[in-house]
Amino acid sequence: MSVKFDAASVDRLKIGFIGTGRLGKALALSFMDRGLRIAAVGSLTLDESAPLAAAIPGCANLTPQQVVDACDLVFVTTVDGAIESTAQSLQWRAGMAAVHCSGATEVSALAKAADDGAMVGGFHPMQTFGDPEAARRSLPGCTITIEAGEPLYGALHAIATRLECRVNLLPPGMRGRYHAAAGYASQFINVILREASVIWQSWGAKEDDAVAALLPLVQGTLASIAGAGLARGMPGPVSRGDIVSIDKHLASLASLDAPLQQLYREMCSRSIALGLEAGGV
């Protein structure tokens, strides 16, 4: 009897993970927390996957091919560059599903699984996974981007809902744009704070001092965005048409660092549309 892939049947799916690094660990443990059945995990070696298997009751520590053979739904959570080669190295079957968890990699990387008759899809949590335990705690409330056809989409949507996550449906061919958008909201925050800390260090302060001072400011802005939206939640001189303050900023940055001043100019220019939308300019 073939397994069903729908919202009502996700509790009966035997789920496996191939790749037990930070992403695989955080997702597998999160699935376990929500009562989903993790039947098996595997990695390059049994030693690598043994700790995760031991942390999940009833979970077998298997080779990747054995994970495929034992499970209905297999999440490929290797590094992005290994997704395609991993899929190509395995024998899949009709009636099962192979899903990768990369933001930038197209689902076509799982072509071998599709050729073998398996359903394929993408399931990408918009979250950072530097610390698996922290990601496990913060996963509820984040958005999971799903790319899959029915009936696999229904099962993946049900899993995301079980994790208390929002769902973003992504059409084929859009993963590069999608992942670039995520980059703006994640790693570019680090860049902006580094640039701000360079300004702080110009008068002798340390980077740690700058980060300690600026993080509450960032958190306040995020709270404003959550409450009022991107335009009305934007603070600063552009939001209120304060040309005098902007001129002062540009003059002070000119003597410090020309590229930094140019970045400030560009950011201000990009801010004008938000200021107009909010009605403050």
Side-chain angles (χ1 to χ4, degrees), residues 10-11 13-87 89-90 96-105 107 109-110 113 120-148 155-167 179 182-183 186-187:
V10 292
D11 287 323
L13 291 175
K14 291 182 288 185
I15 298 174
F17 282 83
I18 296 176
T20 56
R22 295 175 296 183
L23 173 60
K25 179 180 179 181
L27 283 182
L29 293 175
S30 295
F31 283 22
M32 177 193 72
D33 292 340
R34 301 294 169 159
L36 295 168
R37 181 182 177 187
I38 310 303
V41 297
S43 194
L44 287 174
T45 68
L46 293 177
D47 287 343
E48 287 184 16
S49 49
L52 180 57
I56 301 173
C59 179
N61 181 29
L62 305 175
T63 67
Q65 184 61 60
Q66 288 171 330
V67 172
V68 171
D69 295 341
C71 295
D72 306 310
L73 171 58
V74 174
F75 288 87
V76 180
T77 48
T78 63
V79 296
D80 286 13
I83 291 172
E84 186 169 12
S85 60
T86 297
S89 71
L90 301 169
M96 70 172 304
V99 176
H100 76 56
C101 298
S102 166
T105 304
V107 172
L110 300 172
V120 296
F123 185 91
H124 177 252
M126 292 192 71
Q127 183 57 272
T128 57
F129 289 89
D131 180 344
E133 286 299 328
R136 181 182 178 184
R137 293 190 298 270
S138 61
L139 195 59
C142 82
T143 291
I144 292 179
T145 292
I146 298 174
E147 181 182 341
L156 295 178
H157 191 288
I159 290 173
T161 301
R162 182 74 65 87
L163 296 173
E164 298 183 60
C165 293
R166 296 169 59 89
V167 173
H179 204 245
S186 56
Q187 76 252 30

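Here, residue 1 is the first one in the sequence, and each next residue gets the next number. When reading the values below, keep in mind they use all heavy atoms of this one structure, side chains included, and skip hydrogens, waters and symmetry mates. As the structure is a prediction and not an experimental result, all values here were calculated from the model.
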**Study point:** Where G16 and V67 come nearest, the two heavy atoms and their spacing
**Key:** CA-CG1, 4.0 Å
**Study point:** Minimum heavy-atom distance between P132 and K25, given as atom pair plus value
**Key:** CB-CD, 4.0 Å
Review point. Rounded to the nearest 0.5 Å, how far apart are CG of L36 and CG of L27?
Key: 11.0 Å
Practice item. Not counting sequence neighbours, which residues clear side-chain contact (heavy atoms from CB on, under 4.5 Å) with A155? List them please. Key: F5, V10, L13
Review point. Which residues pass the ring pair (Phe, Tyr, Trp, His ring centres under 6.0 Å) test with F123, sequence neighbours left out?
Key: F75
Review point. At their closest point, which heavy atom of L52 faces which heavy atom of G24, and how far apart are they?
Key: CD2-O, 4.2 Å
Review point. Are any of the side-chain heavy atoms of V68 and M96 separated by less than 4.5 Å?
Key: yes
Exercise for review: Identify the heavy atoms of C101 and H124 that sit nearest to each other, and give their distance.
Suggested key: O-CD2, 3.4 Å
Check your understanding: Of the options R162, R34, R37, which is the one that meets D11 in a salt bridge (charged side-chain N to carboxylate O under 4.0 Å, His left out)?
Key -> R162
Point to revise | Separation between OG1 of T78 and CD1 of I18, rounded to the nearest 0.5 Å | key: 8.5 Å
Study note, to complete from the structure: Rounded to the nearest 0.5 Å, the OG atom of S43 sits from the CG atom of L62 at a distance of 12.5 Å
**Study point:** Listed partners of D131 passing salt bridge (charged side-chain N to carboxylate O under 4.0 Å, His left out), at least two apart
**Key:** none
Exercise for review: Measure the spacing between CG of D80 and OG1 of T105 and express it to the nearest 0.5 Å.
Suggested key: 4.0 Å
Check your understanding: Are any of the side-chain heavy atoms of E133 and L29 separated by less than 4.5 Å?
Key -> yes
Check your understanding: Side chains of M32 and P57: closer than 4.5 Å at any heavy-atom pair?
Key -> yes
Revision key, fill the gap. Distance col, row C59:SG vs I38:CD1, nearest 0.5 angstrom, shows 7.0 Å
Practice item. Supply the atom-to-atom distance L156 CG to L73 CG, rounded to the nearest 0.5 angstrom. Key: 6.0 Å
**Study point:** Check: H100 side chain, A109 main-chain N or O, donor-acceptor pair, under 3.5 Å
**Key:** no
Practice item. Over all heavy atoms of both residues, which pair between N61 and A53 is shortest? Give the atoms and the distance, please. Key: CB-CB, 3.7 Å
Review point. Taking all atoms of both residues into account, what is the closest heavy-atom pair of L139 and S30, and its distance?
Key: CD2-OG, 3.6 Å
